[in-house]
Amino acid sequence: MGASVMLMPAQAAERSDPLDLSTDTNTAWVADRPTGDDFLPPPSGPGPVMSAPGHPYIPNGVGGRPTYRAADLTNPILQPWAIEQMKKTNDAVLAGHVPLIARERCWRSGVPGYLVDTRIVPLYFLQTKKEIVTLIQMDARMRHIYLDVPHSKDLKPSWYGESVGRYENGELVVDTIGLNDKTFVDNYRTPHTAKIHVVEYYKLLDNGSTLEILVTVDDLGALTAPWSAIQRYKRVKRAALQEERCAENNSNYLNEEIRPMPVAERPDF
């Protein structure tokens, strides 16, 4: 792990009461801006990959002609191999192809991609003394955060890795390792390796109506330096949680040749 991603030592940190992130049948967390499926830059230091100069991302429903994402490959955090891989997608976008993102392929979004996979889709929290479970309504994607425990030894890489958390200094601090390399860290298809280490700091603002998450990403396999970013959600009134499942067997439905939707080679039963 890179030494520049810092977690406050437990003996030096002030433990605090749990943050009330809970949701119910009447409320949920939703990204608080039209482009909520992109990270915001951090207050200082290296930030996330964003839109290429001259090609801003414009989503549906915000006015103007929508565009697809083309990544800014001049961001100095990217290693050469990552730039080369992302350039293929950029070239396809600029040639008129549709670059599907994780949720459109029924892929798990990983961490920290999970935080920018919910622009118009509600995010729910279930809190207990031992763990926090987050749930994105679309495809019922769940992530487990285990509280006040160390990381396991000899982790087998997985889609969401292993997240352990603690309440500290008025925040929820979540440390994630053990991620596989099959996900992207954002919707610009920025790759990562299994060396990735993610730390998230959750805090409430505006009398509990705003959730702000500062995320720090370190990956010696894909990055030249760690980067940080911010994501914000609003606590809003919502209908009860609905069951939404990603449609199966609709692979490559837009003739997209860039990492098409995976299809199982054999049935599960």
Return yes if some donor-acceptor pair links the side-chain N/O of [X] with the main-chain N/O of [Y] below 3.5 Å, else return no.
{"X": "Trp81", "Y": "Gly221", "result": "yes"}
{"X": "His192", "Y": "Asp181", "result": "no"}
{"X": "Trp159", "Y": "Val111", "result": "no"}
{"X": "Thr23", "Y": "Phe125", "result": "yes"}
{"X": "Ser228", "Y": "Pro42", "result": "no"}
{"X": "Arg189", "Y": "Asn187", "result": "yes"}
{"X": "His151", "Y": "Gly178", "result": "no"}
{"X": "Asp206", "Y": "Gly208", "result": "no"}
{"X": "Tyr202", "Y": "Tyr167", "result": "no"}

Distance, nearest 0.5 Å, that separates [atom1] of [X] from [atom2] of [Y]:
{"X": "Arg166", "Y": "Leu172", "atom1": "CZ", "atom2": "CG", "value": "9.5 Å"}
{"X": "Met142", "Y": "Ile136", "atom1": "CE", "atom2": "CD1", "value": "11.5 Å"}
{"X": "Glu212", "Y": "Glu171", "atom1": "CD", "atom2": "CD", "value": "9.0 Å"}
{"X": "Leu155", "Y": "Glu162", "atom1": "CG", "atom2": "CD", "value": "4.5 Å"}
{"X": "Leu126", "Y": "Thr134", "atom1": "CG", "atom2": "OG1", "value": "10.0 Å"}
{"X": "Asp117", "Y": "Phe184", "atom1": "CG", "atom2": "CZ", "value": "12.5 Å"}

Side chains of [X] and [Y] in contact at under 4.5 Å (non-hydrogen atoms):
{"X": "Ile230", "Y": "Pro43", "value": "yes"}
{"X": "Arg235", "Y": "Leu211", "value": "no"}
{"X": "Leu40", "Y": "Gln231", "value": "no"}
{"X": "Gln85", "Y": "Ile83", "value": "no"}
{"X": "Thr67", "Y": "Pro56", "value": "no"}

Should [X] and [Y] be regarded as members of a common hydrophobic cluster, given that ILVMFWY residues are connected when their side-chain heavy atoms come within less than 4.5 Å of each other, either directly or indirectly?
{"X": "Val198", "Y": "Leu147", "answer": "yes"}
{"X": "Met50", "Y": "Ile213", "answer": "no"}
{"X": "Tyr146", "Y": "Tyr124", "answer": "no"}
{"X": "Val164", "Y": "Val217", "answer": "no"}

Minimum heavy-atom separation for [X] to [Y], with atom names?
{"X": "Gln127", "Y": "Asp20", "answer": "OE1-C, 3.7 Å"}
{"X": "Ser51", "Y": "Tyr57", "answer": "OG-N, 3.2 Å"}
{"X": "Thr35", "Y": "Pro59", "answer": "CG2-CD, 3.7 Å"}
{"X": "Pro48", "Y": "Asn75", "answer": "O-ND2, 3.1 Å"}
{"X": "Trp227", "Y": "Pro112", "answer": "CH2-CG, 4.5 Å"}

Does Tyr160 have any ring-ring contact (aromatic ring centres under 6.0 Å, His included) partners at least two apart in sequence or in another chain, and if so, which? Tyr114
Any ion pair linking Asp186 and Arg69 (charged N to carboxylate O, less than 4.0 Å)? no
Could you tell me which residues satisfy side-chain contact (heavy atoms from CB on, under 4.5 Å) with Met86, sequence neighbours excluded, listed by chain and number? Val49, Ala71, Leu73, Leu78, Thr190, Pro191
Give a yes-or-no answer on whether the side chains of [X] and [Y] include a donor-acceptor pair shorter than 3.5 Å.
{"X": "Lys237", "Y": "Thr27", "value": "no"}
{"X": "Arg143", "Y": "Thr176", "value": "yes"}
{"X": "Thr193", "Y": "Asp219", "value": "yes"}
{"X": "Asp38", "Y": "Tyr188", "value": "yes"}
{"X": "Ser209", "Y": "Asn207", "value": "no"}
{"X": "Thr216", "Y": "Tyr201", "value": "no"}
{"X": "Thr224", "Y": "Gln79", "value": "no"}

Side chain to side chain contact (heavy atoms under 4.5 Å, CB included) between Leu123 and Tyr233, intermediate numbers included: CA-CA 9 Å; Leu123 172 66; Tyr233 301 98; 3.8 Å; yes
So which of Asp175, Val174, Ile145, Val173 actually passes side-chain contact (heavy atoms from CB on, under 4.5 Å) with Glu200?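 Checked Asp175, Val174, Ile145, Val173 against Glu200; only one passes side-chain contact (heavy atoms from CB on, under 4.5 Å): Val174.
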